[in-house]
**Q** 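This is the structure I have questions about; it appears just below.
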Amino acid sequence: MKVLVVGGGGREHALAWKLAQSPRVRELHAAPGNAGIARIATCHPVAATDLPGQVRLARELGVDLVVVGPDDPLALGLVDLLQAEGIRAFGPTRAAARLEASKSFAKEVMRAAGVPTADYAVFTDYAAALAYVRARGGEVVVKADGLALGKGVFVCASVAEAEAALRALMVDRTFGAAGAKVVIEDRLTGPECSVLALCDGEDFVAFPAIQDHKRLGEGDTGPNTGGMGTYTPVPGYTAAVAREVAERILAPTLAAMRERGHPFRGCLFAGLMLTADGPKVLEFNARFGDPEAQVALPMLDMDLLDLMEAAIEGGLRGVRLRWRPGAAACVVAASAGYPGAYEKGKVIRGLDEAEAWGALVFHAGTARQGDQVVTAGGRVLGVVGRGPDLRAALGQAYRALEAIHFEGIYYRRDIGWRAL
Ligand code: AMP
Ligand code: GLY
């Protein structure tokens, strides 16, 4: 089979790496890809959000399957366009991807289906939103309805903070149209984790939980990022919790989407908080997480192509997950200044030495320049260690990172601290 992976981040490198191991994948392509993906796939300079360009590329290459990595092309309807051309694609349609692209839609689906999540209200009117947070006492979470690069969420401790968030979103339009509508939720407490589930519209295969580290700084301080590191398994995510997530969250959400005429086929990502009252949904994403995929796919002991085809064709019923024993941890190396402005074009050294430690080095923002690999984004690399337990996995990742150098390299040295 010929497979095209859409996207060019660490998640897409992990997807390409896993797909390359399938005995049925004969040719692997990526668009736009990155310097790491280029070592295992043919990269094409087409942006992930260039929908006509992606469809044209898939048609010209004559691919048998397109795997869409990032949220934006899904929300824009790339899978619908490919399907209309008769090209098989892994990922939800535009209507199903609204579970991620519209937080108010996701909340409405959850409320109707009885899925545990924080109480909430939706506003398009600034004055009404202000009155609501005042009445609630300020302990709320204010969220832009639309996609905002993971940055449109404000966890507030006071009325003043909530008012500032509403002003930024609704009046100053810091996130543009994404802030025209806001969701205001009650604030929950508890540890967080991510659960990925491959879905065929009806049935699903859920992966064990993964813990992300969203904040830039050690001890979970500083600004939010796309994710600075992940690990799995997550202590406290017991078989009983996993069953509750499957029965009370994943199954009813899939049923609700099917009933609405928008069956969800693809990877459903539930961002959960493990509260004293059980797991509750903070958000849904309609794709693999980044950097969740970088630990999930190395732990998956099955052919990803088989699973993706089953998800597309409705064949996941009765499929049992095979998962490797032990633990995996991913540490993200970022450019100085990320998540703010950063410089690009810094030469990256030590990639081969890092791999010699047994680590997997997934590229995110990297590019080739002559025979060198240079930085080309905020998150640059995801270095994954594996081992019999989390300590061993982290040890391998950090040893490998010591071999890697580029000007301004920054990574958290405390990934996994909650579990340790
Ligand atoms: P989201 O993009 O909706 O997952 O929100 C980003 C982050 O905001 C989450 O990872 C949580 O840390 C926090 N958050 C979101 N919703 C809530 C909530 N209802 N209560 C407490 N924290 C939340
Ligand atoms: N790591 C969180 C996300 O992919 O949204």
Side-chain angles (χ1 to χ4, degrees), residues 7 9-12 14-15 69-72 74-75 97 99-107 110-111 115-121 133 136 138-157 161-162 165 169 175 178 182-196 207 209-216 220-232 267-277 279-297 330-332 334 339 362 364 378-379 382 412 415 418:
R11 163 184 48 214
E12 287 76 27
L15 285 166
D71 51 2
D72 287 320
L74 292 168
L99 272 182
E100 170 167 12
S102 167
K103 290 193 185 280
S104 60
F105 173 76
K107 292 296 268 187
M110 285 190 266
R111 183 178 273 173
V115 170
T117 187
D119 282 338
Y120 75 103
V133 301
R136 285 311 245 204
E139 286 244 341
V140 294
V141 182
V142 176
K143 300 183 177 184
D145 183 55
L147 294 178
L149 297 168
K151 290 168 195 157
V153 174
F154 300 81
V155 180
C156 307
E161 275 180 42
L169 287 175
F175 296 100
V182 298
V183 174
I184 304 179
E185 295 182 7
D186 287 354
R187 203 174 137 181
L188 304 174
T189 51
E192 286 181 47
C193 65
S194 309
V195 173
L196 307 178
F207 294 176
I210 298 166
Q211 171 80 61
D212 189 10
H213 298 65
K214 289 198 175 156
R215 302 292 202 95
L216 180 72
D220 293 331
T221 55
N224 266 319
T225 69
M228 295 301 294
T230 41
Y231 63 84
T232 189
C267 181
L268 181 62
F269 166 146
L272 304 177
M273 195 166 258
L274 306 178
T275 75
D277 303 332
K280 294 192 180 182
V281 178
L282 299 179
E283 66 164 347
F284 283 124
N285 295 316
R287 49 170 175 81
F288 285 91
D290 187 343
E292 281 86 348
Q294 288 88 317
V295 292
L297 297 173
C330 173
V331 181
V332 170
F362 291 122
R379 291 191 293 174
R412 280 180 59 166
I415 298 304
R418 281 178 202 282

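We count ligands from 1, going down the list as the structure has it; atoms in each ligand are counted the same way.
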**Q** Would G226 count as a contact of ligand 2 if the rule is a heavy atom under 4.0 Å away?
**A** yes
**Q** Please verify whether a non-hydrogen atom of S194 lies at under 4.0 Å from ligand 2.
**A** no
**Q** Which part of T230 is near ligand 2, with near meaning a heavy atom under 4.0 Å away: side chain, backbone, both or neither?
**A** neither
**Q** Going by the atom numbers of ligand 1, which of them fall below 4.0 Å from some non-hydrogen atom of K214?
**A** 4 (O), 10 (O)
**Q** With heavy atoms of G289 as the reference, note each atom of ligand 2 found under 4.0 Å away.
**A** 4 (O)
**Q** Has R287 got a side-chain atom pairing as donor or acceptor with P70's backbone, closer than 3.5 angstrom?
**A** no
**Q** Do you see a donor-acceptor pair shorter than 3.5 Å between the side chains of T230 and D212?
**A** no
**Q** Does at least one non-hydrogen atom of R287 fall below 4.0 angstrom from an atom of ligand 2?
**A** yes
**Q** Side chain, backbone, both or neither: which part of E292 comes within less than 4.0 Å of ligand 2 when only heavy atoms are counted?
**A** side chain
**Q** Below a 4.0 angstrom heavy-atom separation, can you tell me which part of L282, side chain or backbone, both or neither, approaches ligand 1?
**A** both
**Q** Show which atoms of ligand 1 fall inside a sub-4.0 Å distance from at least one heavy-atom site of D186.
**A** 18 (C), 19 (N), 20 (N)
**Q** Would you tell me which option among K280, K143, E192 has the nearest heavy-atom contact to atom 15 (C) of ligand 1?
**A** K143
**Q** With a 4.0 Å cut-off on heavy atoms, does G227 reach ligand 2?
**A** no
**Q** From atom 2 (O) of ligand 1, work out which of E100, E185, E283 has a heavy atom at the shortest distance.
**A** E283
